Amino acid sequence: NAGVTQTPKFQVLKTGQSMTLQCAQDMNHEYMSWYRQDPGMGLRLIHYSVGAGITDQGEVPNGYNVSRSTTEDFPLRLLSAAPSQTSVYFCASSYVGQVGNSPLHFGNGTRLTVT
Amino acid sequence: EDKVVQSPLSLVVHEGDTVTLNCSYEVTNFRSLLWYKQEKKAPTFLFMLTSSGIEKKSGRLSSILDKKELSSILNITATQTGDSAIYLCAVVEGNEKLTFGTGTRLTIIP
């Protein structure tokens with residue numbers, strides 16, 4: 001019973017490098033989302049998707065790209081990492097239509113440091 | 001722009017005290033409000049509120065939504081050190097967009 005799996009758990013990048021944070025869920029959830037959490041802060045929505053082929057921007061989308069080619073996977077791409085992107089990233093999923101009716105399922109987070 | 005604001009940002013109380021955490025929101029098409037508790041890792045779900053004026057309770061925790069005032073409160077009575085955490089509220093809109101608030105960091109002193 002895997003739930004939401006995020007990889008890697010930790011990552012250190014140099015400024016300007018690119019990388020992809022992976023998120024996969026095995027619950028057949030249509031809704032998937034990415035959040036970032038800075039120290040002592042709440043979660044800020046980066047991008048979300050309500051199904052394969054559909055993505056939308058959240059509060060802080062700049063510097064991040066997403067795509068949703070399958071129901072299971074929702075990768076988050078940093079094209080040119082900046083120190084301001086140092087944060088903990090959470091992926092979360094749910095059934096469409098259930099996002100407000102049931103709790104989100106969260107991954108365990110990826111701690112990213114950009115030097 | 002949609003906003004979810006929590007207050008206070010930080011709160012330090014003694015064990016046994018009662019605390020009230022606030023969440024106010026401005027969103028286009030409100031559907032529900034959720035409360036989460038976050039300790040070391042990912043947030044864990046506490047309550048979901050959709051109807052105004054109906055209190056949800058779980059042990060020492062309770063929460064109520066006021067749609068007229070666009071706000072919600074989370075009460076914790078007889079606080080314990082295990083209640084120390086960041087408390088997050090989140091608002092869901094009709095398009096499935098879920099926006100979290102700024103969070104309240106609660107510290108309970110033994």
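Chain letters run A, B, ... following the sequence lines, proteins first, then strands; residues in each count from 1. Quick caveat: nothing in here was measured; it's all calculated off a predicted structure.
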Student: Give the cluster check for B:V27 versus B:L70: same hydrophobic cluster or not, with ILVMFWY residues linked at side-chain heavy-atom distances below 4.5 Å.
Tutor: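 Both belong to a single hydrophobic cluster.
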
Student: Check the hydrophobic clustering (I, L, V, M, F, W, Y; side-chain heavy atoms under 4.5 Å; chains of links allowed) and say if A:F74 and A:F106 are grouped together.
Tutor: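 Different clusters: A:F74 never reaches A:F106 through Ile, Leu, Val, Met, Phe, Trp or Tyr contacts under 4.5 Å.
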
Student: Measuring heavy-atom distances to chain A, does B:Q38 have an atom under 4.5 Å in its side chain, in its backbone, in both, or in neither?
Tutor: side chain

Student: If you round to the nearest 0.5 Å, how far is CD1 of B:I86 from CG of A:L43?
Tutor: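 Interatomic distance, A:L43 CG to B:I86 CD1, rounded to 0.5 Å: 9.0 Å.
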
Student: Who among B:G101, B:P43, B:C89, B:A90 has the most heavy-atom pairs with chain A under 4.5 Å?
Tutor: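 Result: the option with the highest number of such pairs is B:P43.
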
Student: Measuring heavy-atom distances to chain B, does A:L45 have an atom under 4.5 Å in its side chain, in its backbone, in both, or in neither?
Tutor: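 Interface part for A:L45: side chain.
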
Student: Please say whether more than 12 non-hydrogen atoms of neighbouring residues, nucleotides or ligands are located less than 6.0 Å from CZ in A:R111.
Tutor: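 No, CZ of A:R111 has 12 or fewer neighbouring heavy atoms, counting only those of other groups under 6.0 Å.
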
Student: Roughly how far, to the nearest 0.5 Å, is CD of A:Q57 from NZ of B:K97?
Tutor: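 Interatomic distance, B:K97 NZ to A:Q57 CD, rounded to 0.5 Å: 9.5 Å.
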
Student: Output yes when a side-chain donor or acceptor of B:Y36 lies under 3.5 Å from a complementary backbone atom of A:L104, and no otherwise.
Tutor: yes

Student: Answer yes if A:Y95 and A:W34 sit in the same cluster of Ile, Leu, Val, Met, Phe, Trp and Tyr residues linked by side chain heavy atoms under 4.5 Å apart, and no otherwise.
Tutor: no

Student: Find out whether B:F45 and A:H105 are in side-chain contact, i.e. whether some heavy atom of one side chain is under 4.5 Å from a heavy atom of the other.
Tutor: no

Student: Cluster question for you: counting only ILVMFWY and a side-chain heavy-atom cut-off of under 4.5 Å, with indirect links fine, are A:V88 and B:L88 together?
Tutor: yes

Student: Indicate the atoms forming the closest heavy-atom contact of B:A42 with A:G107, along with that distance.
Tutor: CB-O, 3.4 Å

Student: How about B:K67: does its NZ atom have over 12 heavy atoms from other parts shown lying under 6.0 Å from it?
Tutor: yes

Student: Could you state whether B:F30 and B:V4 fall into the same hydrophobic cluster, counting links through intermediate Ile, Leu, Val, Met, Phe, Trp or Tyr residues with side-chain heavy atoms under 4.5 angstrom apart?
Tutor: yes

Student: Assess whether side-chain contact (heavy atoms from CB on, under 4.5 Å) is satisfied between B:L98 and A:Y35, documenting all intermediate values.
Tutor: CA-CA 10 Å; B:L98 190 153; A:Y35 293 87; 3.4 Å; yes

